[in-house]
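Only one structure is covered here, and it is reproduced in the block below.
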Amino acid sequence: MSNNLTIIGLSWGDEGKGKFTDYFAQRADVVVRYNGGNNAGHTIKANGIKYKLKIMPSGAPLEKECVIANGCVVDPKILLEEIDTLKKLHKKINLKLSSTAHVIFPFHNILDGLEETSKGRFSAGTTKRGIGPTYSDKAARWGLRIFDLINPEIMRPKLEQLYKIKKQLINIFDPSWDTDINSIFEEYKSYGERLKPYVIDTAYYLNNVIDSGKKVVFEAAQGNLLGIDHGYYPFGTSSNSNALGISAGTGIPPKKIGRIIGIIKAYTSRVGEGNFPTELINETAEQIREQGGEYGTVTGRPRRVGWLDLFNIEYGIMVNGVDRIIITLLDALEGINPLKICTGYELNGKVLKSWPIQPEIVDICTPLYKSFQGWEARTREEWLEIAQKGYDALPETIKIYVQAIKEELQTDIAFLSVGPDRKETIVLDNNIF
Ligand code: GDP
Ligand code: IMO
Ligand code: MG
C-alpha cells in the first residue's frame with residue numbers, strides 16, 4: 001500500500017487516464033496535474049454524467065482538492081470555462097493553481113499552427129492549443145507565468161516584450177498578421193483577476209500535504225510515447241508526459257512519489273502524425289474505432305488504431321518504474337477474430353533486444369506478432385454484469401489475452417476495464433493505493 005499514486009499512459013495518450021484517476025480519486029485527498037495543458041482530454045463517466053476535462057484534474061467531479069502544478073501550461077480562458085462548466089453542474093471548485101505554471105497566449109496558438117505547416121512531414125499533427133510554443137518560451141526564459149498574470153503591472157512589460165518578438169516571428173509566415181496588444185493585456189488581466197483566488201505556491205502545499213500523510217494522485221497527461229525525452233521525438237508533445245515529469249513538474253522529490261500505475265489499451269490508438277508500426281488501415285481498424293469510440297476528445301479527429309505493441313510499452317515500464325498495469329477497452333475488441341499482439345521487432349532479419357526509440361529506425365522494422373482467439377460481442381448490460389461479478393466471469397479468451405500481456409511485460413495487472421463507466425471495472429489488486 002502506498003500513500004501516493006501516479007497514473008500514466010504507456011502509449012500515445014487516451015488510454016483511460018481520466019477514468020482511472022477518477023477511480024482512485026475516490027480514495028485520495030488531492031489530485032494533481034503536473035504536465036501538459038488543454039491538449040489533454042480526459043473522460044470520466046460516473047453517476048450518469050460524462051465529463052471531458054482538458055486542464056482541470058480528474059478529481060474535480062468528486063470535488064477533491066485539485067492542483068494544477070508548475071509543470072503545466074495553462075490557457076486561462078479554457079481553465080475558467082471549465083470552472084464555469086463544473087459550477088453549472090453544482091460542483092464545488094477546490095482548485096490550487098501554481099504561481100509558476102506558464103501561460104498560453106493567443107499568439108502561441110497561432111504559432112502552433114504556423115510551425116506545424118512549416119514542419120511539413122516532420123509535423124506531429126498537434127492539437128494546435130499552443131502547447132509547443134508555450135513550452136518553447138518557458139525553456140527560452142521569456143515565457144509569462146501565472147504570477148505575472150495575476151500582477152498586471154508585472155505582466156505588462158513582459159507581455160509587451162514577448163508580443164514584440166512573437167509578432168516578428170508570426171510575420172515571417174504571415175506578413176499581414178497584427179493584433180492589439182492592449183486588448184490582449186486587458187483580456188488577460190481580467191482572467192488573472194478571476195484566477196487569483198486559486199493561486200498559491202503548490203510545491204509547498206503538496207509537500208505539506210504528503211508530509212501530513214494525506215493521499216495524493218498524480219495524473220499525467222498524454223502518454224509515454226509522446227514524451228519529449230523518452231517518446232517518439234519529434235512526433236510527440238513538449239513535456240515529460242510520464243512519471244519522470246512529476247518531480248520537476250511539482251516540486252515533490254522522487255523519493256516521495258510512491259507507486260506508479262501504467263495504463264494501456266487492449267489495442268493501440270494514436271491521434272496525430274508519426275510512426276505507428278502496428279497500425280491497421282482496414283475494416284478491422286474501422287470496427288475497433290467505432291467500438292472504442294476512437295475520436296479525439298479535444299479535436300474530434302478519428303484516432304488511428306492498431307494492434308497492441310508491447311515492445312514500446314516495455315520501454316515505458318522500464319523508464320517509469322511502473323509497478324502495476326491497467327488494461328482498458330477490452331470490450332472494444334469484441335467480435336474481432338483473431339487478435340494480434342506485437343511482442344518485438346525484427347530488423348534486417350534479426351530480432352531486436354531493445355526498442356529503437358529513433359523513428360527512422362522504427363520505420364524499417366517489422367513487428368512480430370502472436371495471435372489470440374477473440375471474444376464475442378456483448379451488450380453494455382452484459383459487460384457491466386461481468387464487471388460486477390469480477391475476473392472469474394470473464395470469457396476464457398480474455399483471460400488468456402490479459403495473462404499473455406502480464407507475462408510478456410512481467411508486470412502485474414491491477415485492474416481491467418470493460419467500459420467507460422466507473423462501475424465497469426474489474427479489480428485484480430486493490431492494495432496498491
Ligand atoms: P485519457 O486521455 O487517457 O483520459 O483517455 P480519453 O478520455 O481521452 O479516452 C479514453 C476513452 O475511452 C474515453 O472516451 C473513455 O470514456 C473511454 N473508456 C475508458 N475505459 C474504457 C473501457 O474500458 N471501455 C470503453 N468502451 N471505453 C472506455
Ligand atoms: P491525453 O492527455 C492523445 C498528440 C497530438 C500530437 C502531439 C503533439 O488526452 O492523453 P501537442 O498539441 O501536445 O503539441 O501535440 O501529441 N497529443 C495527444 N494525443 N492524447 C493526448 O492527451 C494528446 N495530447 C497531445 O495529437 O500528435
Ligand atoms: Mg485523452
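Below, each value reflects all heavy atoms present in this structure, side chains not excepted, and no hydrogens, waters or symmetry copies. Note that ligands are numbered from 1 as they come in the structure, with each ligand's atoms numbered from 1 the same way. Residue numbers start at 1 and run along the sequence shown.
- Residue Ala332 places no N or O, backbone or side chain, under 3.5 Å from any N or O of ligand 1.
- Taking a 4.0 Å cut-off on heavy atoms, Gly293 fails to register as neighbouring ligand 1.
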Between ligand 2 and the protein, find all N/O pairs closer than 3.5 Å and give the distance for each.
residue: ligand 2; atom: 2 (O); partner: His42; partner atom: NE2; Å: 2.7
residue: ligand 2; atom: 2 (O); partner: Gln222; partner atom: N; Å: 2.7
residue: ligand 2; atom: 9 (O); partner: Asp14; partner atom: OD1; Å: 3.0
residue: ligand 2; atom: 9 (O); partner: Gly41; partner atom: N; Å: 2.9
residue: ligand 2; atom: 9 (O); partner: Gly41; partner atom: O; Å: 3.1
residue: ligand 2; atom: 10 (O); partner: Asp14; partner atom: N; Å: 2.8
residue: ligand 2; atom: 10 (O); partner: Asp14; partner atom: OD1; Å: 3.4
residue: ligand 2; atom: 10 (O); partner: Lys17; partner atom: NZ; Å: 2.7
residue: ligand 2; atom: 12 (O); partner: Thr127; partner atom: N; Å: 2.9
residue: ligand 2; atom: 12 (O); partner: Thr127; partner atom: OG1; Å: 2.5
residue: ligand 2; atom: 13 (O); partner: Asn39; partner atom: ND2; Å: 2.9
residue: ligand 2; atom: 13 (O); partner: Thr237; partner atom: OG1; Å: 2.6
residue: ligand 2; atom: 20 (N); partner: Asp14; partner atom: OD1; Å: 3.1
residue: ligand 2; atom: 20 (N); partner: Asp14; partner atom: OD2; Å: 3.4
residue: ligand 2; atom: 24 (N); partner: Gln222; partner atom: NE2; Å: 3.2
residue: ligand 2; atom: 26 (O); partner: Gly125; partner atom: O; Å: 3.3
residue: ligand 2; atom: 26 (O); partner: Val271; partner atom: O; Å: 2.9
residue: ligand 2; atom: 26 (O); partner: Arg301; partner atom: NH2; Å: 3.1
residue: ligand 2; atom: 27 (O); partner: Ala124; partner atom: O; Å: 2.6
residue: ligand 2; atom: 27 (O); partner: Val271; partner atom: O; Å: 3.4

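- Remark: ligand 1 and Gly419 share an N or O pair separated by less than 3.5 Å (distance only, no angle test).
- Listed by atom number, the atoms of ligand 1 under 4.0 Å from Lys19 heavy atoms are 20 (N).
- Relative orientation of the Tyr34 and Phe218 rings is perpendicular, given thresholds of 30° and 60° on the angle between their planes.
- Contacts with ligand 1 closer than 4.0 Å are made by backbone heavy atoms (N, CA, C, O) of Val418 only, the side chain lying farther away.
- The shortest separation from a heavy atom of Glu219 to ligand 1 is not under 4.0 Å, leaving the residue out of contact.
- Among the atoms of Gln291, none of the N or O lies under 3.5 angstrom from an N or O of ligand 1.
- In summary, the atoms of ligand 1 found under 4.0 Å from a heavy atom of Arg303, numbered by their order in the structure, are 8 (O), 9 (O).
- Inside a 4.0 Å radius of atom 11 (C) of ligand 1 there is not any protein heavy atom.
- Atoms of ligand 1 found under 4.0 Å from any heavy atom of Ser417, numbered from 1 in the order shown, are 20 (N), 21 (C), 22 (C), 23 (O).
- Among protein atoms, those of element N, O or S found less than 2.8 Å away from the Mg ion (ligand 3) are Asp14 OD1, Gly41 O.
- Remark: ligand 1 atoms within the under-4.0 Å shell around heavy atoms of Gly41 are 1 (P), 2 (O), 4 (O), 6 (P), 7 (O), 8 (O).
- Of all atoms in ligand 1, numbered sequentially from 1 with element shown, those under 4.0 Å from a heavy atom of His42 are 1 (P), 2 (O), 4 (O), 7 (O).
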